[in-house]
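Every value quoted in this text rests on a predicted model; they were computed, and no experiment measured them.
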Amino acid sequence: MKPLEYFNKNRNQMLEELKEFLRIPSVSAQPEHKEDMHRCAEWLCNHCKEIGLDTKIHQTKGHPIVVARTPHNASKLTYMVYGHYDVQPVEPLEGWTKTKNPFEPVVADGNIYGRGTADDKGQLFTHLKAVECILKTGSELPFNLIFLMEGEEEIGSENLGQFLESHAEELRCEAVVISDTGMPSISCPAVTYALRGVLALEVILTGPDRDLHSGIHGGAVHNPAHVLCSMLASLHDPQGRVTVPGFYNEVENLTNYEREQFQKLPFSDESYKESLSLKELFGEEGYTTIERRSSRPTLEVNGLTSGYQGTGSKTIIPSVASAKITCRLVPNQKAEVIMERVSKHLKNICPASASIEIMHGHGGDPYIVDPTSSKVQAALRALQRAFKAEPTIMREGGSIPITIEFKRKLNADALLIGFSLPDDNAHSPNEKFSLECFDKGVATSVYLWEELSS
């Protein structure tokens, strides 16, 4: 029996097993689910053993890490599959309409609904089931495989970096396959080959040592809210470019191949505007909307605070004004360097009428793998075989900081092959995972190891 014949014969049982996995409320952010996190790790460990994998649970200062391996063959190369078994909180509960209990999965409309279906239990399960299909049919697996499954992705993977460092030798691999992203549509599967990095900071301006009566002091004191708004407005020029000196120094232009591939993505500016109830879009001149969202660096104001916020009015000049800012970074930019440049610029443009404090937040560097590399091309071939559609490559505007840790700690590139659809509601009520994507995800994983070996 061939692996995918085994899958078709056992698909219903596999979906019941996925439901068991989904029923465990493994919410890493909420302390009351600490026991559930350990229970989920135990379930995953036992399930991997049933598949035929050598499995071990590693305790950390936080939630456990589960490592499972195929039978080792010293003559074969090794690949890794990374995934996470923790999920986001389910609130607001009133938003769930497909299932009354987010941890009681429901199959309807060709989807499976419930927390963790798409992010990331369902996607991780496609790879586990693919290996089960290969091992149970006695088929040849051309590589040793390591499954690395953590319980802290949704809270920053605090302990995984240290784990990679302390177990680097035993985790050495050619590349890391990650299915925790998405594809534009079932008719347009894609490999994500680049992720933007991120940095966060807060700028705090202080004027007088207390709020002042705006009638008595207005016109004599520079209002910190005015100062801040003026500073923030100057951070972009009319063409949408960030004005921070050196902001674009390390940014490389997209290649013709990349821009040609982006044109294959099913995207319409008009539909995008309609989905956001916007009359017009805005962004850096010279780039398409897709390119702006995924392959250009940004500087965004995420929050503004100053003065009285209660009911009615209060005639004051506020003492303090603050803004929260994040930047999305593209390959070759370094979070630490851009943080320094942005902070220096803000201090330079702050007038003497206000004092400035800048608080540095989290940061992570961008990630990229050569889209023309043999591994990416192998992944594209696997997608084409499974989905019967021409695949493409894409960049993702968001960030997955652990990808850069795999590169730094293991010197392993990441192959981001996502099976989630844009309307799967990850992190939201009514999260779902298409059963067609589940089926074709298993097939992609079976084909991937064949294509990588060729």
Could you walk me through whether Leu128 and Leu44 pass the side chain to side chain contact (heavy atoms under 4.5 Å, CB included) test, one step at a time? CA-CA 10 Å; Leu128 288 172; Leu44 193 55; 4.0 Å; yes

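- Crowding of Lys324 atom NZ: a count of heavy atoms from other residues, nucleotides or ligands under 6.0 Å not exceeding 12.
- Between Arg115 and Glu431 there is a salt bridge, since a side-chain N of the basic residue sits under 4.0 Å from a carboxylate O of the acidic one.
- A pairwise comparison of heavy atoms in Ile358 and Ser343 identifies CD1-O, 3.5 Å as the closest pair.
- Around atom CG of Asn256, no more than 12 heavy atoms belonging to other residues, nucleotides or ligands sit under 6.0 Å away.
- Side-chain atoms of Asn430 and Thr97, non-hydrogen and from C-beta on, do get closer than 4.5 Å to each other.
- Distance check: Thr289 OG1 to Leu281 CG gives 5.0 Å after rounding to the nearest 0.5 Å.
- Across all non-hydrogen atoms, the minimal contact from Ala323 to Leu232 is CB-CD1, 3.9 Å.
- With hydrogens and angles disregarded, no donor-acceptor distance shorter than 3.5 Å links the side chain of Arg385 to the backbone of Ala443.
- Atom-to-atom distance recorded for Gln30:CD and Ser28:OG is 9.0 Å, nearest 0.5 angstrom.
- Between the side chain of Ser271 and the backbone N or O of Ser268, no donor-acceptor pair lies under 3.5 Å.
- A salt bridge links Arg408 with Asp365: the distance from a Lys NZ or Arg NE/NH1/NH2 to an Asp or Glu carboxylate oxygen falls below 4.0 Å.
- At most 12 non-hydrogen atoms from other residues, nucleotides or ligands lie less than 6.0 angstrom from CD of Glu158.
- One distance of note links CG of Leu160 with CD of Glu153; it measures 10.0 Å at 0.5 Å rounding.
- Using a cutoff of 4.0 Å between basic side-chain nitrogens and carboxylate oxygens, Glu250 and Arg341 are scored as salt-bridged.
- Contact check for Thr117 versus Asn111: no side-chain heavy atoms found under the 4.5 Å cut-off.
- Side chain of Glu152 to backbone of Asn159: a donor-acceptor contact under 3.5 angstrom is found.
- The shortest side-chain heavy-atom distance between Thr78 and Cys173 falls under the 4.5 Å cut-off.
- When atom types are taken as modelled, the side chain of Asp424 and the backbone of Ala426 share no donor-acceptor pair closer than 3.5 angstrom.
- Of the possible donor and acceptor atoms, none in the side chain of His345 sits under 3.5 Å from a partner among the backbone N and O of Val244.
- Side chains of Glu150 and Phe163 form no contact here, defined as non-hydrogen atoms less than 4.5 Å apart.
- Heavy atoms only, all atoms of each residue included: Ser179 and Gln123 are closest at O-CB, 3.1 Å.
- Here CZ of Phe262 is found 5.0 Å from OG of Ser295. Values are rounded to the nearest 0.5 Å.
- Closest approach of Thr243 and Ser234 over heavy atoms only: OG1-O, 2.7 Å.
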Should Val320 and Ile204 be marked as a side chain to side chain contact (heavy atoms under 4.5 Å, CB included) after you check the CA-CA gap, both sets of side-chain angles, and the distance that decides it? CA-CA 7 Å; Val320 178; Ile204 303 167; 3.8 Å; yes

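- Although no hydrogens or angles enter the test, the distance criterion places a donor-acceptor pair under 3.5 Å between the side chain of Ser26 and the main chain of Tyr85.
- Classified by interplanar angle (parallel below 30°, tilted 30° to 60°, perpendicular above 60°), the ring pair His84/Tyr82 is tilted.
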Using the rule given for side chain to side chain contact (heavy atoms under 4.5 Å, CB included), can you reason through Ser420 versus Asp119, listing the C-alpha separation, both sets of side-chain angles and the distance that settles it, and then say yes or no? CA-CA 8 Å; Ser420 178; Asp119 184 19; over 6 Å; no

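- One distance of note links OG1 of Thr288 with CG of Leu265; it measures 9.0 Å at 0.5 Å rounding.
- Judged purely by distance below 3.5 Å, without hydrogens or angles, the side chains of Thr99 and Asn101 never pair a donor atom with an acceptor atom.
- Heavy-atom minimum distance, Arg172 versus Glu169: CG-O, 3.3 Å.
- Taking the charged nitrogens against the carboxylate oxygens, Arg23 and Glu104 do have a contact shorter than 4.0 Å, which makes a salt bridge.
- The two residues Val242 and Tyr248 make their nearest non-hydrogen contact at N-OH, 2.9 Å.
- For the pair Lys440 and Ile186, the minimum side-chain heavy-atom distance is below 4.5 Å.
- A side-chain donor from one of Gln88 and Glu154 sits under 3.5 Å from a side-chain acceptor of the other.
- Taking the side chain as every heavy atom from C-beta outward, Ser319 and Thr206 approach each other to under 4.5 Å.
- Counting non-hydrogen atoms of neighbouring residues, nucleotides and ligands closer than 6.0 angstrom, the CD atom of Glu35 reaches no more than 12 such neighbours.
- Under a cut-off of 6.0 angstrom, the local environment of NZ in Lys34 is sparse, with at most 12 non-hydrogen atoms contributed by other residues, nucleotides or ligands.
- Contact check for Tyr193 versus Gln261: no side-chain heavy atoms found under the 4.5 Å cut-off.
- Few gaps surround CD on Glu91; more than 12 heavy atoms of other groups in view lie less than 6.0 Å from it.
- For CD of Glu336, the number of neighbouring non-hydrogen atoms (other residues, nucleotides, ligands) closer than 6.0 Å is 12 at most.
- For Arg292 (side chain) and Glu284 (main-chain N/O), a donor-acceptor pair under 3.5 Å exists by modelled atom type.
- When atom types are taken as modelled, the side chain of Lys121 and the backbone of Phe21 share a donor-acceptor pair closer than 3.5 angstrom.
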Please determine whether side chain to side chain contact (heavy atoms under 4.5 Å, CB included) holds for the pair Val107 and Leu15, giving the CA-CA distance in whole Å, both sets of side-chain angles, and the decisive distance to 0.1 Å. CA-CA 10 Å; Val107 173; Leu15 286 177; 5.6 Å; no

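- For the pair His217 (side chain) and Ile317 (backbone), a donor-acceptor distance under 3.5 Å is absent.
- Of the options Val106, Ile112, Asp423, a side-chain contact (heavy atoms from CB on, under 4.5 Å) to Lys432 is made by Asp423 and by none of the others.
- The line from OG1 of Thr315 to CG of Asp211 is 11.0 Å long, rounded to the nearest 0.5 Å.
- Note: His127 and Phe419 have tilted aromatic rings, judged against thresholds of 30 and 60 degrees for the angle between ring planes.
- Taking 4.5 Å as the limit, every side-chain heavy atom of Val66 sits out of range of all side-chain heavy atoms of Phe147.
- When the shell of 6.0 Å around CD of Glu274 is examined, it contains 12 or fewer heavy atoms from other residues, nucleotides or ligands.
- Trp43 places no side-chain N or O within 3.5 Å of a backbone atom of Glu20 that could act as its donor or acceptor partner.
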